[in-house]
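Within every chain, numbering begins at 1; the chains are lettered A, B, ... in the order of the sequence lines, protein sequences first and strands thereafter. Everything numeric in this text was worked out from a predicted model, so none of it was measured.
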Amino acid sequence: MPELPEVETVVRGLRPLLDGQRIEQVEVRRADLRWPVPADLAKRLTGARVTGLGRRAKYGLVATDRGDTLIFHLGMSGRFRLDPGSLLAHDHLVIAAGGHRVVLHDPRRFGSVHLTPTAAAASHPLLAGLGPEPLDPDFDGACLAHAAERRTTSIKALLLDQRIVAGLGNIYANEALFRARIAPARAAGRIAGPRLDRLARAVKAVLVEAIAAGGSTLRDHVAVSGELGTFQHQFRVYGRGGERCESCGGPIRRFEHLGRATYACPRCQR
DNA sequence: ATGCACTCCTGAACGC
DNA sequence: TGCGTTCAGGAGTGCA
C-alpha cells in the first residue's frame with residue numbers, strides 16, 4: 001500500500017518519538033509476516049538506544065547503538081498505531097520507548113520486519129538490489145534511458161521495477177506517466193530521450209508534492225500521529241476512470257495492465 | 001535474460 | 001440484514 005511518500009511520512013512521524021530514546025520493551029505478537037520475524041529481534045532491540053531513523057525505497061530503517069538496524073516494510077496494509085488504548089487483532093509488533101508505545105498493525109501481513117547489522121545494511125538481500133532513490137540527483141532521464149534501452153516491456157513496468165528506480169508503486173507510477181504525457185503501456189525502449197527526461201522530472205515532482213501532503217490516504221495510510229495524508233485529493237488520473245482529463249477534457253480511461261489497475265488519458269498520453 | 005501471471009492475506013465496498 | 005463477489009497502495013517465485 002504505502003509507496004515512498006507514505007513511508008517517508010511514517011518515518012518522519014516516528015523520528016521525534018524514537019530518535020535518541022532507549023527501547024524499553026519489544027513484543028512480537030505474531031512472527032509469521034511476509035517473512036518470518038527474526039526470533040532474536042526483541043532480545044537484540046531491548047535496551048538499545050535508537051540512533052537514527054531513515055528510509056530506503058519503501059523500507060523504513062531504525063538504527064540502534066548496538067550496531068543493529070531494524071528494517072520494516074508496510075506491504076499493502078501496514079501502518080503504525082501510537083499509544084493505543086488496547087491492542088487489536090493484527091497488532092504484530094509493539095515497541096515501548098520514550099514513554100510511548102508504537103505498534104505495527106498490518107491486517108494483510110504483506111509487510112515485514114528484519115534486523116541487520118547496520119554496517120551491512122546496504123547489502124541486506126532486500127536492499128542490495130534496489131535502484132536509485134527517485135529524489136536523488138543520480139536518478140534522471142539518462143538513468144531511465146539506460147534502463148529502457150532495447151527493453152520491450154512497458155514503461156510502467158519499468159517504473160514499478162524497484163531495481164530500476166526504488167520507491168514508486170501503482171499510484172505514483174500512474175500519476176508520473178500522466179504528467180509526462182506518456183502512455184503506460186508504451187514499450188520502454190521506444191521512448192525518446194527528452195521524453196524520459198520529462199518523465200524523470202515528473203516522478204520527482206509528484207513525489208515531492210505527495211510528501212508535502214503527508215502521502216495519500218486511501219484505506220490504511222495514516223501518519224504515526226494519526227493525521228491523514230491528503231494527496232489523494234490531488235490525483236489527476238488514479239481512481240478517476242470516466243472522469244474528465246484536466247488537460248484535454250476527454251475521459252480518463254481505466255484498464256488493466258500487468259494485472260494492476262491503470263489510469264491514463266488516451267488523448268494526452270502517447 | 002526477459003516478461004509476466006500467480007500467489008500470499010484480510011477487510012471494505014458493492015450487488016443481489 | 002445477510003451473503004457472495006470483487007478489488008486493494010507490494011513484490012518474490014516460477015514458468016515460458
Side-chain angles (χ1 to χ4, degrees), chain A residues 1-10 29-37 55-60 71-81 88-92 104-114 124-131 134 146-177 184-190 203 206-207 210-211 213-223 228-241 254-263:
Chain A
M1 135 14 277
E3 305 180 34
L4 186 154
E6 290 74 38
V7 179
E8 180 65 27
T9 298
V10 166
R29 306 183 75 235
R30 180 143 195 177
D32 56 334
L33 306 186
R34 175 70 168 84
W35 302 103
V37 176
R55 178 192 57 73
R56 174 76 173 103
K58 301 173 193 173
Y59 293 94
I71 304 174
F72 66 83
H73 193 291
L74 298 175
M76 295 273 274
S77 58
R79 63 185 179 90
F80 282 98
R81 308 203 302 130
L88 304 173
H90 314 304
D91 283 341
H92 305 314
L104 176 64
H105 178 88
D106 182 9
R108 292 176 74 179
R109 284 186 283 129
F110 285 3
S112 59
V113 171
H114 313 262
H124 187 280
L126 293 173
L127 305 184
L130 293 173
H146 178 71
E149 200 174 6
R150 276 177 256 113
R151 293 289 295 272
T152 60
T153 195
S154 70
I155 186 62
K156 187 183 177 199
L158 214 69
L159 290 181
L160 292 175
D161 186 339
Q162 304 295 299
R163 297 169 298 186
I164 307 300
V165 54
L168 292 177
N170 198 34
I171 290 179
Y172 298 106
N174 277 298
E175 292 293 314
L177 287 164
R186 171 162 295 275
R190 294 184 53 247
V203 165
V206 70
L207 293 178
I211 290 170
S216 306
T217 303
L218 266 61
R219 293 161 197 84
D220 305 296
H221 169 66
V222 188
L228 302 179
T230 62
F231 192 71
Q232 68 278 11
H233 302 304
Q234 296 176 60
F235 292 165
R236 298 181 190 176
V237 288
Y238 185 83
R240 292 185 175 277
R254 178 197 191 278
F255 55 99
E256 191 170 305
H257 177 62
L258 304 165
R260 314 291 299 278
T262 301
Y263 300 88

Side-chain contact check for A/Arg254: nearest option of C/dG12, C/dC7, C/dG10 is C/dC7
Any side-chain N or O of A/His73 below 4.0 angstrom from OP1/OP2 of C/dG10?
no
Whole-Å distance, A/Asp161 CG to C/dT13 P, equals 14 Å
**Message:** Donor-acceptor check, side chain of A/Lys58 to backbone of A/Leu168, threshold 3.5 angstrom: yes or no?
**Reply:** yes
Set out, line by line, the N/O atom pairs under 3.5 Å between protein and nucleotides 4-8 of chain B.
residue: B/dC4; atom: OP2; partner: A/Thr153; partner atom: OG1; Å: 3.2

Using modelled atom types and a 3.5 Å cut-off, is there a donor and acceptor pairing between side-chain atoms of A/Arg34 and backbone atoms of A/Ser112? no
Here the gap from A/Asp32 atom CG to A/His92 atom NE2, rounded to the nearest 0.5 Å, amounts to 8.0 Å
Among the nucleotides C/dG12, C/dG10, B/dC9, whichever has the atom closest to the side chain of A/Tyr59 is C/dG12
Next on the checklist: It should be established whether A/Arg163 places a side-chain nitrogen or oxygen under 4.0 Å from OP1 or OP2 of nucleotide C/dA11.
Outcome noted: no
note: A/Arg150, atom CZ; B/dT2, atom P; distance rounded to Å ~ 10 Å
dist A/Arg190:CZ -> A/Arg186:CZ (nearest 0.5 Å) comes out at 5.0 Å
d(A/Lys156 NZ, A/Asp161 CG) to nearest 0.5 Å is 13.5 Å
Between NE2 of A/His114 and C1' of C/dA11 the distance, given in whole Å, is 12 Å
Taken to the nearest whole Å, CG/A/Asp106 to P/C/dG10 is 13 Å
| query | What interatomic distance, in whole Å, is found between P of C/dT6 and the corresponding atom of B/dC6? | reply | 15 Å
Is a donor on one side and an acceptor on the other found under 3.5 Å between the side chain of A/Thr217 and the backbone of A/Gly215? no
Side-chain atoms of A/His90 come closest, of B/dT10, C/dG10, B/dG3, to B/dT10
Using modelled atom types and a 3.5 Å cut-off, is there a donor and acceptor pairing between side-chain atoms of A/Asn174 and backbone atoms of A/Val237? no
message: Side chains of A/Pro5 and A/Tyr172, heavy atoms from C-beta outward: is any pair under 4.5 Å?
response: yes
note: A/Leu126, atom CG; C/dA11, atom P; distance rounded to Å ~ 10 Å
Whole-Å distance, A/Phe72 CZ to C/dA11 C1', equals 17 Å
Where DNA chain C forms runs of at least three Watson-Crick or G-U pairs (i with j, i+1 with j-1, under 3.5 Å), the stems are B:2-8 with C:10-16, B:10-16 with C:2-8
Rounded to the nearest 0.5 angstrom, the CZ-CZ distance for A/Arg109 and A/Arg30 is 3.5 Å
Closest to the side chain of A/Glu3, out of C/dA11, C/dT13, C/dG10, is C/dG10
Rounded to whole Å, the CD1-C1' distance (A/Ile164 to B/dG3) equals 13 Å
Would you say the rings of A/Tyr263 and A/Phe235 are close, in the sense that their centroids are separated by under 6.0 Å? no
note: A/Leu218, atom CG; C/dC7, atom P; distance rounded to Å ~ 16 Å
- P gap between B/dA5 and C/dC7, integer Å: 16 Å
